[in-house]
Amino acid sequence: MQRRSTAAIALILLTAWQTLSNAQSTKTSDEGEQAPPPATKPAEADADFAIQGEYSGQIELPDSNLKYGVQVIAMGNGKFQAVTYRGGLPGDGWNGVDRDTTDGKTEDGVTKFVGDHVTGILERETLMVRTSDGKALGKLTRVHRKSPTLGAKPPEDAVVLFDGKSAEHFEGGRMTDDGLLMQGLTSHRQFQDCTLHMEFQLSYMPHARGQGRSNSGIYLQGRYEVQILDSFGLEGLNNECGGIYEIRDPDLNMCFPPLSWQTYDIDYTAARYDSQGEKTSNAKITVRHNGVLIHENVEMPRTTRAAPVKESPEPGPIYIQDHRNPVRFRNIWLVERDGGPDDSSSDVADSFPQELGGHPLVFADAFSDGNADDWDPVNADAFRMAQQGDNHVYNQFKNIPGHTPVRSPFNRSMIKDVTVSDFVFDVHLQSTARDYPHRSLCLFFGYQDPAHLYYVHFGQRTDDHANNIFIVNDAPRTKISTKTTPGTNWDNEWHHARIVRDVSSGSIEIFFDDMETPVMTANDTTFQWGQVGVGSFDDTGNFDDIALYGTKVDPPKYESLFDGETLAGWHTNPEKIGHGTGGLWRVEDGAIVGEQDPPGSGNGGILLTDETFGDFELLIDMKPDWGICSGLFLRSTQQGKCFQMLVDYHDNGNVGHIYGEGTGAFTNRPFDIMGVYDDEKNLTGLTTQPPKRDTTASGYSITGDDWVHVWKVNDWNTAKVRVVGSPPKITTWINSLKVSEFDAAEFEDPKYDRDKVSELLGSEGRIAVQVHGGTRAWPKGAVCRWRNIRIRRLSE
């Protein structure tokens with residue numbers, strides 16, 4: 001292997017920046033500096049607060065470009081520390097290993113970080129990275145991340161401890177004038193097993209260090225502390241934010257900058273005791289910090305030091321520590337779970353083997369408590385709990401026909417919040433259908449969405465659509481079995497089924513009653529992870545004693561591009577373009593709303609992301625008024641030149657196919673949509689017809705009949721777009737049904753100049769939504785609406 005030169009190592013973004021000393025990180029303040037009081041609001045913070053934060057972007061390396069994240073920490077009086085992360089910010093691509101720090105300071109309005117070979121200059125929320133001789137290596141832009149659970153609403157059965165109205169549920173509870181809860185309080189109510197949601201805001205204390213920097217903690221049952229501390233940019237230790245104090249470091253330091261709202265979502269299981277009061281198992285805790293799993297099922301061998309409540313079988317309170325630093329809280333609620341230290345039946349998993357096929361037990365359900373809270377049915381009216389003697393079973397009691405994006409079973413119920421790669425899925429099942437050739441039940445696995453999954457069909461008689469293993473991959477189910485039987489001999493008795501999956505080899509083995517010899521086999525590597533579940537195509541049955549053993553994985557994560565409240569991270573076209581000067585954009589009811597400015601004037605424009613993107617998958621909900629001409633711009637320039645996913649929601653329009661906006665007016669649309677109206681000319685439905693304009697058929701396209709079937713009139717529709725490569729291959733979906741495949745490298749059309757478009761748009765660009773200019777393309781008062789805008793970067 002060739003060694004990197006010193007200069008090449010330096011190019012790995014600021015590696016030469018010096019690492020912080022432990023002594024410096026634990027000082028209470030810099031010598032000779034008078035520390036100002038903590039700031040609890042941005043208006044109270046100093047000028048350094050506007051510089052502190054997170055930055056993300058691409059850095060040019062000798063053989064490739066690589067994403068980097070930087071956390072800039074205010075240290076007081078214009079001094080800063082920068083922490084760099086190879087691959088992206090923590091929780092957003094960081095490889096978990098390469099992490100470096102350096103010092104910086106602000107002079108003459110410019111914040112500079114200087115290393116031996118690399119310099120970072122931070123100005124106007126942009127961090128420019130250059131070599132010592134001035135060569136630009138890359139640009140990182142400030143980002144404002146938000147927890148995906150921020151603002152989570154309590155379920156109907158939740159105990160709401162604080163909703164901003166009063167602090168009456170806490171002993172010592174105090175509120176600020178603006179309705180926030182202050183630290184130093186204990187809940188009046190006592191708890192056992194529970195799921196807790198809380199939101200907290202760290203104060204801004206740039207002169208403080210270590211444990212003196214916005215310190216508090218949340219204690220479960222008053223016994224076990226999850227630390228709260230301004231640990232932004234630190235290593236992530238047990239005495240820092242997210243740590244279980246003196247017991248365990250968090251898997252990842254997900255602390256956001258001070259004065260950001262942050263979340264803890266904690267699943268807590270109390271310690272168990274026998275009838276003599278002796279502890280038989282430790283308390284366990286799972287913690288998600290800002291939506292990211294940082295502790296999973298961690299055992300508490302003892303109480304935390306300084307815990308106000310000793311270990312015992314008794315319930316305990318929620319205690320929030322006062323460490324003489326102001327910390328603010330809001331939206332605190334919890335859901336109590338059945339079972340407690342004296343409930344010998346509460347740990348269902350104890351009745352199952354803890355390992356099978358070399359895999360640990362990750363989920364078990366015998367339905368002994370008479371509920372199916374851990375299951376997510378497609379149609380809740382098709383599943384229920386049923387009783388057989390003294391036993392509860394999960395009963396699919398109805399065949400409720402439903403629509404799936406492509407032909408596949410629609411009576412499904414999946415295990416909630418558990419995604420696995422390699423696994424063994426063990427199920428007991430009973431058919432309750434009549435005896436006929438396709439009498440059947442199904443098991444599902446590798447499930448990613450309704451158009452991407454595997455399932456095994458246990459059918460009475462084998463054919464190409466029954467008693468086989470199937471894949472659903474944006475197309476009707478396809479048999480992939482390499483072995484099966486003449487049929488599954490259903491009767492009215494209970495049977496035992498098992499799936500064994502190895503994703504690296506692609507092996508799939510299906511067992512039925514005989515757990516030694518598989519009745520079906522297949523080999524496929526398409527889906528490397530997914531959920532598992534039970535159900536049928538169109539029959540009924542019972543399920544019980546379900547156990548899942550395997551390797552839990554986190555599904556690919558999407559980050560939000562829209563906070564639901566402001567247009568932060570977006571801007572209108574900075575100069576006049578063909579559609580106008582920008583349009584009128586606002587946020588209403590959690591959605592971006594766009595119209596002409598002023599309404600009906602013909603003056604439109606686009607709203608673009610501040611950030612540019614290369615390869616990505618985008619999810620976006622859209623609800624356009626009928627009659628408008630809009631679009632979703634992909635790889636867009638500031639002038640709106642791009643590949644556009646059409647959202648021309650009017651007669652002779654199209655939604656979901658590709659158009660060359662400012663790049664040639666080429667399109668692959670195979671049909672136009674047309675309105676169906678009542679006598680008062682209100683839109684009641686849609687139909688399609690051949691396109692009026694010139695178009696080039698290329699790649700896959702949905703049929704007009706299928707498009708009409710999947711589109712929801714006068715309602716929200718979800719678009720998914722995948723953009724990969726340069727020239728890009730662009731795939732679009734609406735409500736999980738694939739609409740179009742457009743390959744810019746293969747597309748041929750007189751209006752399309754591949755080389756010119758590739759040079760213009762390059763390998764990355766902005767995402768934008770459009771208000772079309774002109775009075776004919778936009779009825780007065782009509783708007784387009786966009787919400788739930790999420791992106792998954794594929795470049796890494």
Side-chain angles (χ1 to χ4, degrees), residues 42-43 125 141-148 150-151 153 260-261 558-613 618-634 636-640 642 644-650 653 655 661 683 712 714-719 721 766-791:
E125 297 200 338
T141 305
R142 187 168 185 177
V143 296
H144 301 271
R145 295 194 287 175
K146 287 193 173 183
S147 168
L150 197 66
K153 295 181 180 180
S260 304
W261 279 103
Y558 286 82
E559 59 186 281
S560 178
L561 294 182
F562 169 52
D563 62 18
E565 299 176 355
T566 71
L567 295 177
W570 297 77
H571 64 275
T572 56
N573 43 284
E575 59 189 74
K576 185 176 180 180
I577 62 175
H579 297 298
T581 58
L584 182 64
W585 301 92
R586 60 188 183 272
V587 177
E588 288 182 358
D589 299 324
I592 294 174
V593 177
E595 63 180 314
Q596 292 186 343
D597 184 22
S601 65
N603 181 41
I606 53 177
L607 184 71
L608 304 105
T609 57
D610 295 346
E611 189 174 355
T612 59
F613 303 93
L618 180 77
L619 295 172
I620 183 169
D621 294 348
M622 53 187 177
K623 187 180 181 183
D625 285 343
W626 178 250
I628 71 167
C629 188
S630 182
L632 178 64
F633 286 23
L634 311 167
S636 179
T637 67
Q638 293 276 42
Q639 296 77 33
C642 65
Q644 178 192 167
M645 189 195 85
L646 292 164
V647 188
D648 292 355
Y649 196 53
H650 53 70
V655 180
E661 179 72 32
L683 182 72
K712 294 180 285 188
N714 300 323
D715 202 351
W716 286 97
N717 291 270
T718 299
V721 183
R766 302 175 196 278
I767 294 164
V769 289
Q770 176 198 38
V771 168
H772 203 287
T775 54
R776 288 186 299 175
W778 201 277
K780 185 176 181 179
V783 300
C784 60
R785 303 172 188 84
W786 312 86
R787 71 180 186 187
N788 294 336
I789 309 172
R790 295 148 289 160
I791 195 166

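Remark: R766 does not engage D610 in a salt bridge, criterion side-chain N to carboxylate O under 4.0 Å.
More than 12 heavy-atom neighbours from other residues, nucleotides or ligands sit within 6.0 angstrom of CG on D715. Residue K712 places its NZ atom among more than 12 non-hydrogen atoms of other residues, nucleotides or ligands, all under 6.0 Å distant.
Between I628 and P779 there is a side-chain heavy-atom pair separated by less than 4.5 Å. Side-chain contact between M622 and V655: present, with at least one pair of heavy atoms (C-beta onward) separated by less than 4.5 Å. Side-chain contact between C642 and L634 is absent, with no heavy-atom pair separated by less than 4.5 Å. Residues E595 and V593 are not in side-chain contact: their nearest non-hydrogen atoms beyond the backbone lie 4.5 Å or more apart. Put simply, the side chain of V771 reaches to within 4.5 Å of the side chain of C784, judged on heavy atoms. Counting heavy atoms from C-beta outward, E661 and H579 have side chains that approach closer than 4.5 Å. Contact annotation: the side chain of W570 approaches that of L561 to within less than 4.5 Å [non-hydrogen atoms, C-beta and beyond].
Partner of V769 under the side chain to side chain contact (heavy atoms under 4.5 Å, CB included) criterion, chosen from I789, V647, I620, L608: I620. Applying side chain to side chain contact (heavy atoms under 4.5 Å, CB included) to V721 and the options L632, I791, I767 leaves one that passes, L632. Considering H144, K146, R145 in turn, K146 is the only one that fulfils the side chain to side chain contact (heavy atoms under 4.5 Å, CB included) rule with D563.
Without hydrogens or angle criteria, N603 side chain to T581 main chain gives a donor-acceptor distance under 3.5 Å. Looking only at distances, a side-chain donor or acceptor of Q596 sits under 3.5 Å from a matching main-chain atom of G774. For the pair E611 (side chain) and R142 (backbone), a donor-acceptor distance under 3.5 Å is absent.
Distance check: R790 CZ to R787 CZ gives 9.5 Å after rounding to the nearest 0.5 Å. One distance of note links CG of N714 with CH2 of W626; it measures 10.0 Å at 0.5 Å rounding. Atom OG1 of residue T572 and atom CG of residue L607 lie 7.0 Å apart, to the nearest 0.5 angstrom. Between the CZ atom in R776 and the SG atom in C629 there is a gap of 11.5 Å [rounded to 0.5 Å].
Shown here for W786 and F562, the closest heavy-atom pair between the two residues is O-CE2, 4.2 Å. Listed here is the closest heavy atom pair of N573 and G582: OD1-CA, 3.2 Å. Residues A719 and M645 approach most closely at CB-CE, 4.1 Å, considering heavy atoms.
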D625/R785 under side chain to side chain contact (heavy atoms under 4.5 Å, CB included): CA gap, chis, key distance, verdict: CA-CA 8 Å; D625 285 343; R785 303 172 188 84; 2.9 Å; yes

Derivation of the side chain to side chain contact (heavy atoms under 4.5 Å, CB included) call for W778 and S630: CA-CA 9 Å; W778 201 277; S630 182; 4.2 Å; yes

Test log, rule side chain to side chain contact (heavy atoms under 4.5 Å, CB included), inputs L567 and I592: CA-CA 8 Å; L567 295 177; I592 294 174; 3.8 Å; yes

